[in-house]
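Before any comments, here is the structure.
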Number of protein chains: 2
Amino acid sequence: MAGSRKEHLLETALKLFNQHGFHATGIDRVQAESGVSKTTMYKYFRNKDELIRAVLEMRHEQFGKWFTSRVIKISRESYPDHPYGKLMSMFDAVSEWIHSDTFFGCNFINASAEFSDFQHPIHVYAAQHKLEWSEYIRGCVSGVSEAEADEMAKEILLLLDGAIVSAHTTGLKDSAERAQRMMLLILQNSTAEVLD
Amino acid sequence: MAGSRKEHLLETALKLFNQHGFHATGIDRVQAESGVSKTTMYKYFRNKDELIRAVLEMRHEQFGKWFTSRVIKISRESYPDHPYGKLMSMFDAVSEWIHSDTFFGCNFINASAEFSDFQHPIHVYAAQHKLEWSEYIRGCVSGVSEAEADEMAKEILLLLDGAIVSAHTTGLKDSAERAQRMMLLILQNSTAEVLD
DNA sequence: GGTCAAGAGTACAGATCGGTACACTTTGTG
DNA sequence: CACAAAGTGTACCGATCTGTACTCTTGACC
């Protein structure tokens with residue numbers, strides 16, 4: 001298969017970028033550990049930045065599918081009649097992620113940390129990723145005005161990001177549960193009706 | 001002065017690390033922009049990791065002094081009779097920081113993103129930094145049990161970190177105000193009495 | 001079986017990396 | 001003035017970095 005080779009390369013790169021960061025991971029090491037020859041690598045991606053970009057795009061897709069499907073399943077199983085079931089489930093899913101052995105924080109937060117310049121295309125892409133998640137969250141909120149839904153989505157994203165960062169830097173693995181409790185308190189004080 | 005040379009070196013290194021990250025900033029560039037000769041640099045710090053560590057230690061001191069003094073002043077000026085004056089002021093101070101032109105996110109979050117390995121001394125130091133801030137916040141909470149105060153401090157730190165990361169990755173500069181509103185809602189639902 | 005694209009393997013270029021060696025200069029002090 | 005500490009300037013080391021060139025091999029398809 002043609003795709004699987006490329007995918008395997010991207011998977012390997014993602015793993016290495018996660019473990020050692022983007023700058024600290026050399027092209028040679030990606031080549032060596034993926035088994036894909038350097039010639040082929042540079043046929044797929046013109047340079048390292050394009051590889052990083054492609055890795056983030058794959059991660060965006062991959063994480064998106066995993067997360068949204070987990071949210072649906074957890075929502076059905078754990079919060080069948082809960083008014084904020086989907087929103088609650090997001091924190092459960094993040095908690096699962098945090099407790100997994102492949103947790104190295106959020107790739108996009110890490111990327112914007114390494115490519116700190118706001119103008120850098122990779123930083124811009126990371127911002128766009130967060131924007132898309134904000135819109136996804138927004139889609140799980142209803143019964144309030146547009147402006148209110150936007151605001152609530154930003155609040156919940158802030159809680160999720162806070163939980164992820166907290167878990168990554170300090171190693172506190174219960175931060176998703178903490179953020180979940182906070183969200184619940186906030187929702188109970190809003191007039192929102194929320195889809196489950 | 002002996003100290004000022006070292007300080008100037010550390011300040012220059014901090015600026016470069018902020019703008020371009022730790023790995024992407026070469027020793028040569030720190031040398032060139034600081035004006036301090038390489039020989040002297042390596043007399044102060046045995047290697048790059050020690051330089052990074054020293055930069056973070058300086059930043060810890062520097063930010064700590066700035067932040068705590070801002071909190072005291074803002075608390076007095078803006079929340080003279082507010083029950084949660086100090087806690088409120090923390091978010092105002094972070095907002096000021098976010099709006100400044102020297103905002104590149106939290107150095108310690110960024111450091112733990114680049115030195116992703118939990119065992120790495122720099123990651124450990126970043127975690128310790130967060131722990132100390134958690135204790136500072138805890139010192140601004142009273143009227144609740146020890147366990148409850150610990151939990152509240154962790155919650156507030158999560159909100160602050162979430163605001164900082166959100167502002168850095170997406171460029172949303174109003175995230176501190178958002179986090180502040182969330183904290184207020186949470187405090188109003190707790191039984192805490194808080195020192196101002 | 002012949003053809004041709006895709007990939008492997010590798011050598012290498014040019015730059016930069018962290019770090020060292022060493023000779024020279026400045027500066028403070030008795 | 002003498003002397004020692006501290007700092008400068010620079011050349012250089014070996015390693016590693018991104019990226020390119022070129023040959024050899026494999027395998028699919030006609």
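Order of the sequence lines sets the chain letters (A, B, ...), proteins ahead of strands, with each chain counted from 1.
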(request) Using the test side-chain contact (heavy atoms from CB on, under 4.5 Å), find all partners of Ser134(A) that sit at least two apart in sequence or belong to another chain. (result) Ala153(A), Lys154(A), Leu157(A)
(message) Just to be sure I understand the geometry, which residues of residues 9-22 of chain A put a non-hydrogen atom under 4.0 Å away from DNA chain C?
(response) none
(request) Side chain of Lys48(B) only, please: which of dG18(C), dG7(D), dT18(D) is the nearest? (result) dG18(C)
(request) In whole angstrom, give the distance that lies between atom CZ of Arg29(A) and atom C1' of dT18(D). (result) 17 Å
(message) Are there over 12 heavy-atom neighbours, none belonging to Lys73(B), within less than 6.0 Å of that residue's NZ?
(response) no
(message) How many whole angstroms separate atom OH of Tyr44(A) from atom C1' of dG19(D)?
(response) 18 Å
(request) Say whether, by atom type as modelled, one donor and one acceptor occur between the side chain of Glu114(B) and the main chain of Gly21(B) under 3.5 angstrom. (result) no
(message) My understanding is that only residues two or more places apart in sequence, or in another chain, count here; which of them pass ring pair (Phe, Tyr, Trp, His ring centres under 6.0 Å) with Phe63(B)?
(response) Trp66(B), Phe67(B), Trp97(B), Trp133(B)
(request) Go through the structure and list residues passing side-chain contact (heavy atoms from CB on, under 4.5 Å) with Gln180(B), not counting sequence neighbours. (result) Tyr79(B), Met88(B), Phe91(B), Asp92(B)
(request) Could you check how far OH of Tyr42(A) sits from P of dA11(C), rounded to whole Å? (result) 18 Å
(request) Could you state the atom-to-atom distance from CE of Met41(A) to C1' of dA21(D) in whole Å? (result) 17 Å
(request) Not counting sequence neighbours, which residues clear side-chain contact (heavy atoms from CB on, under 4.5 Å) with His120(A)? List them please. (result) Asp49(A), Phe115(A), Asp117(A), Ile122(A), His123(A)
(request) Give the rounded distance in Å between these two atoms: NZ of Lys6(B) and P of dA5(D). (result) 18 Å
(request) Could you list all the salt bridge (charged side-chain N to carboxylate O under 4.0 Å, His left out) pairs where at least one residue sits in residues 128-139 of chain A, not counting sequence neighbours? (result) Lys130(A)-Asp161(A), Arg138(A)-Glu146(A), Arg138(A)-Asp150(A)
(request) Each residue besides Val165(A) in its hydrophobic cluster should be listed here, by chain and number; the cluster joins Ile, Leu, Val, Met, Phe, Trp and Tyr at side-chain heavy-atom distances under 4.5 Å. (result) Ile109(A), Ile109(B), Val165(B)
(message) In whole Å, I'd like the distance from the CG atom of Asp28(B) to the C1' atom of dT20(C).
(response) 13 Å
(message) Going by the rule ring pair (Phe, Tyr, Trp, His ring centres under 6.0 Å), which residues pair with Phe108(A) if we only count those two or more places apart in sequence or in a different chain?
(response) His129(A)
(message) Rounded to whole Å, how long is the line connecting atom CG of Leu51(A) with atom C1' of dT18(D)?
(response) 12 Å
(request) For Asn47(B), report the nucleic acid contact type (base, sugar-phosphate, nothing); a contact means any heavy atom under 4.0 Å. (result) sugar-phosphate
(message) Counting primed atoms plus P, OP1 and OP2 as sugar-phosphate and everything else as base, spell out the protein contacts along nucleotides 8-15 of chain D at 4.0 Å heavy-atom distance: B, S or - for each nucleotide, 5' to 3'.
(response) BB------
(message) What is the separation between atom CD1 on Ile27(A) and atom P on dT18(D), rounded to the nearest whole Å?
(response) 5 Å
